[in-house]
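One structure below.
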Amino acid sequence: MRIRPVATALAGAFLGLSAVVLPGTPAQAAANGHRTVAVAHRGAPTHAPENTLASIDTARRLGDLWVENDVQRTKDGELVILHDNSLARTTDVEQVFPDRKPWNVKDFTLDEIEKLDAGSWFSPEFEGERVPTLEEYMDEVEENGQRLLLELKSPELYPGIELQTLTELRRDGWLDRSHVKRRLIVQSFNADAVRTVHALRPDVKTGFLGTPAVADLPTYAEFCDQINPNYTTVTPGYVEAVHGLKGPHDRRLQLYTWTVDDGAKAVSLARMGADGIISNKADEIRDALETSGG
């Protein structure tokens with residue numbers, strides 16, 4: 001795969017694109033009994049190695065429409081799908097490159113990362129599974145007919161990754177009207193990165209990972225469509241405060257919460273008004289929500 005460095009000149013092109021007004025929440029409408037959507041965190045990580053093509057394929061077989069992933073950048077400027085800043089936990093990098101500790105993604109080229117096994121740590125069944133590039137991942141999500149909650153992971157480590165990610169999404173056909181309206185959300189723990197994505201492509205739906213103070217929510221509503229907190233911080237009052245504001249597309253702010261693997265807890269959060277539940281067991285959470293009418 002060719003190297004795709006960030007081109008500063010592209011910023012103007014993105015800034016000049018007109019916004020497309022978004023439709024309602026990706027959570028299914030209350031009228032059809034599915035107000036809260038289940039999102040498959042890193043694919044199906046209890047069934048297959050996380051953030052791999054096998055993981056999202058498994059999620060698809062389990063009936064998961066929405067998947068979540070994490071994007072980072074290699075030493076030579078390629079975008080890859082991996083959660084940790086280090087390759088150590090989910091690949092055999094310590095064996096292949098024993099002298100490269102702490103084995104951070106940003107210190108390895110794509111060619112080096114493609115030599116790694118990202119499946120055997122999970123199960124011998126997945127031996128030979130690789131760390132996918134963003135392009136490969138997006139092609140698979142498209143093939144599966146899935147929708148994507150894309151996280152910019154540690155963007156402070158990768159200057160310009162917001163524009164580079166949008167550029168790749170555009171190349172892969174994910175910034176056309178249909179995908180932007182129904183199939184894509186970009187989120188991050190880094191508020192500046194979310195703000196940058198909104199500035200570059202104001203039509204793209206965005207989410208902030210965290211629990212801002214209620215007094216600060218109006219500021220976030222200027223560039224975020226979602227506030228996505230850890231489930232331990234969610235209260236009925238906080239959900240009400242989020243829902244009481246409109247985001248940049250003049251629609252009610254949403255709240256997606258993470259990481260919830262217990263069905264009863266998911267139902268409780270849905271009853272508080274959570275629009276989305278991000279889970280390692282999205283199929284089980286979806287079943288619990290459907291059973292409860294949430």
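- Contact check for L150 versus L169: side-chain heavy atoms found under the 4.5 Å cut-off.
- Using a 3.5 Å distance cut-off with no hydrogens or angles, the side chains of T219 and D216 do not pair a donor with an acceptor.
- With contacts defined as side-chain heavy-atom distances shorter than 4.5 Å, the pair E140/P132 does not qualify.
- Scored by the salt bridge (Lys or Arg N to Asp or Glu O under 4.0 Å) test, E129 finds no partners at all (sequence neighbours excluded).
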Can you list the steps and then say if Q72 with K106 is a side chain to side chain contact (heavy atoms under 4.5 Å, CB included)? CA-CA 8 Å; Q72 299 192 59; K106 66 183 180 64; over 6 Å; no
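- Of the possible polar contacts, one joining the T133 side chain to the E136 backbone as a donor-acceptor pair under 3.5 Å is found.
- A59 and A40 get closest at one heavy-atom pair: CB-CB, 4.2 Å.
- Judged by distance alone, the side chain of R201 and the main-chain N or O of A199 form no donor-acceptor pair under 3.5 Å.
- Between F189 and F208, the gap from one ring centroid to the other reaches at least 6.0 Å.
- Using a 4.5 Å cut-off on side-chain heavy atoms (C-beta onward), R286 and D64 make contact.
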Test log, rule side chain to side chain contact (heavy atoms under 4.5 Å, CB included), inputs H41 and W258: CA-CA 9 Å; H41 186 232; W258 49 275; 5.9 Å; no
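- A donor-acceptor contact under 3.5 angstrom links the side chains of T58 and R61, judged on distance only.
- Among T165, D139, V80, the single residue meeting the side-chain contact (heavy atoms from CB on, under 4.5 Å) criterion with L134 is T165.
- Side-chain N or O atoms of D70 include none that pairs as donor or acceptor with a backbone N or O of N51 at under 3.5 Å.
- Between E94 and R100, none of the side-chain N atoms (NZ, or NE/NH1/NH2) sits under 4.0 Å from a carboxylate O, so this pair counts as no salt bridge.
- Counting all heavy atoms, side chain and backbone alike, A38 lies closest to I285 at CB-CG2, 4.3 Å.
- If you take CG on L116 and CZ on F97, they are separated by 6.0 Å, rounding to the nearest 0.5 Å.
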Please step through side chain to side chain contact (heavy atoms under 4.5 Å, CB included) for the pair I227 and Y238, ending with a clear verdict. CA-CA 10 Å; I227 301 296; Y238 194 77; 3.7 Å; yes
Is there a side chain to side chain donor-acceptor pair (under 3.5 Å) between H83 and E151? Walk through the geometry before answering. CA-CA 9 Å; H83 176 268; E151 179 181 342; 5.8 Å; no
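- Side-chain contact annotation: R73 with Q164, donor-acceptor N/O pair under 3.5 Å present.
- Closest approach of L255 and P229 over heavy atoms only: CG-CD, 3.7 Å.
- Rounded to the nearest 0.5 Å, atoms CD (E168) and CG (D172) are 4.0 Å apart.
- Under the 4.5 Å side-chain heavy-atom criterion for grouping Ile, Leu, Val, Met, Phe, Trp and Tyr, L253 is connected to M272 within one hydrophobic cluster.
- Using a 4.0 Å cut-off between charged side-chain N and carboxylate O, K115 and D111 make a salt bridge.
- Between the side chain of S55 and the backbone N or O of R42, at least one donor-acceptor pair lies under 3.5 Å.
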Between V37 and I277, is the side chain to side chain contact (heavy atoms under 4.5 Å, CB included) condition met? List the steps. CA-CA 6 Å; V37 66; I277 306 289; over 6 Å; no
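- Between the CG atom of D203 and the NE2 atom of H179 there is a distance of 13.5 Å, given to the nearest 0.5 Å.
- The backbone N or O of D117 sits nowhere less than 3.5 Å from a side-chain atom of T91 that would complete a donor-acceptor pair.
- Atoms CZ and CG, on R183 and L65 in that order, are 8.5 Å from each other to the nearest 0.5 Å.
- Residue pairs meeting the salt bridge (charged side-chain N to carboxylate O under 4.0 Å, His left out) criterion with at least one member in residues 79-92, sequence neighbours excluded, are E50-R89, D84-R89.
- Residue V239 forms a side-chain contact (heavy atoms from CB on, under 4.5 Å) with just one option from T257, D275, V234, L269, and that option is V234.
- Within a 6.0 Å sphere centred on CD of E156, other residues, nucleotides and ligands contribute more than 12 heavy atoms.
- The closest side-chain donor-acceptor pair between Q254 and H243, if any, does not fall under 3.5 angstrom.
- Counting heavy atoms from C-beta outward, K75 and E112 have side chains that stay 4.5 Å or more apart.
- Within the 3.5 Å criterion, the main-chain N or O of V260 finds a donor-acceptor partner in the side chain of S279.
- The distance from atom OG1 of T196 to atom CD of E162, rounded to the nearest 0.5 Å, is 4.5 Å.
- Applying the side-chain hydrogen bond (donor to acceptor under 3.5 Å, both in side chains) test to K101 and every residue at least two apart in sequence or in another chain returns nothing.
- For the pair T206 (side chain) and F223 (backbone), a donor-acceptor distance under 3.5 Å is present.
- Residues K153 and N85 are in side-chain contact: their nearest non-hydrogen atoms beyond the backbone lie under 4.5 Å apart.
- W66 is listed as a side-chain neighbour of R147, based on a closest heavy-atom distance under 4.5 Å.
- In the hydrophobic clustering of this structure, V96 groups with V105; members are Ile, Leu, Val, Met, Phe, Trp, Tyr whose side-chain heavy atoms approach within less than 4.5 Å, directly or through other members.
- Side-chain polar atoms of D261 and N280 form a donor-acceptor pair below 3.5 angstrom.
- Taking F126 as the reference, F122 meet the ring-ring contact (aromatic ring centres under 6.0 Å, His included) condition, with sequence neighbours excluded.
- Considering only heavy atoms from C-beta on, Q226 comes within 4.5 Å of I185 through its side chain.
- With sequence neighbours excluded, the residues satisfying side-chain contact (heavy atoms from CB on, under 4.5 Å) with D107 are N104.
- Here the side chain of H198 pairs no donor or acceptor atom with the backbone of A193 at under 3.5 angstrom.
- Between the side chains of N190 and S188, no donor-acceptor pair of N or O atoms lies under 3.5 Å.
- The closest donor-acceptor contact from the side chain of S120 to the backbone of P124 lies at 3.5 Å or more, if one exists at all.
- Using a cut-off of 4.0 Å between Lys/Arg side-chain N and Asp/Glu carboxylate O, D225 and R251 are scored as not salt-bridged.
- Here the OH atom belonging to Y137 is positioned 6.0 Å from the CG atom belonging to L148, to the nearest 0.5 angstrom.
- With V131 as the partner, the side-chain contact (heavy atoms from CB on, under 4.5 Å) test is satisfied by one option alone out of V93, I113, T90, L53: I113.
- Using a 4.5 Å cut-off between side-chain heavy atoms of Ile, Leu, Val, Met, Phe, Trp and Tyr, with links allowed through other members, L62 and L149 fall into different hydrophobic clusters.
- With a 4.5 Å cut-off on side-chain heavy atoms, L87 and F108 count as touching.
- The side chain to side chain donor-acceptor pair (under 3.5 Å) test with N230 singles out one residue from N228, T232, T233, and that residue is T232.
- Under the rule for a side-chain hydrogen bond (donor to acceptor under 3.5 Å, both in side chains), K281 has no partner lying at least two apart in sequence or in another chain.
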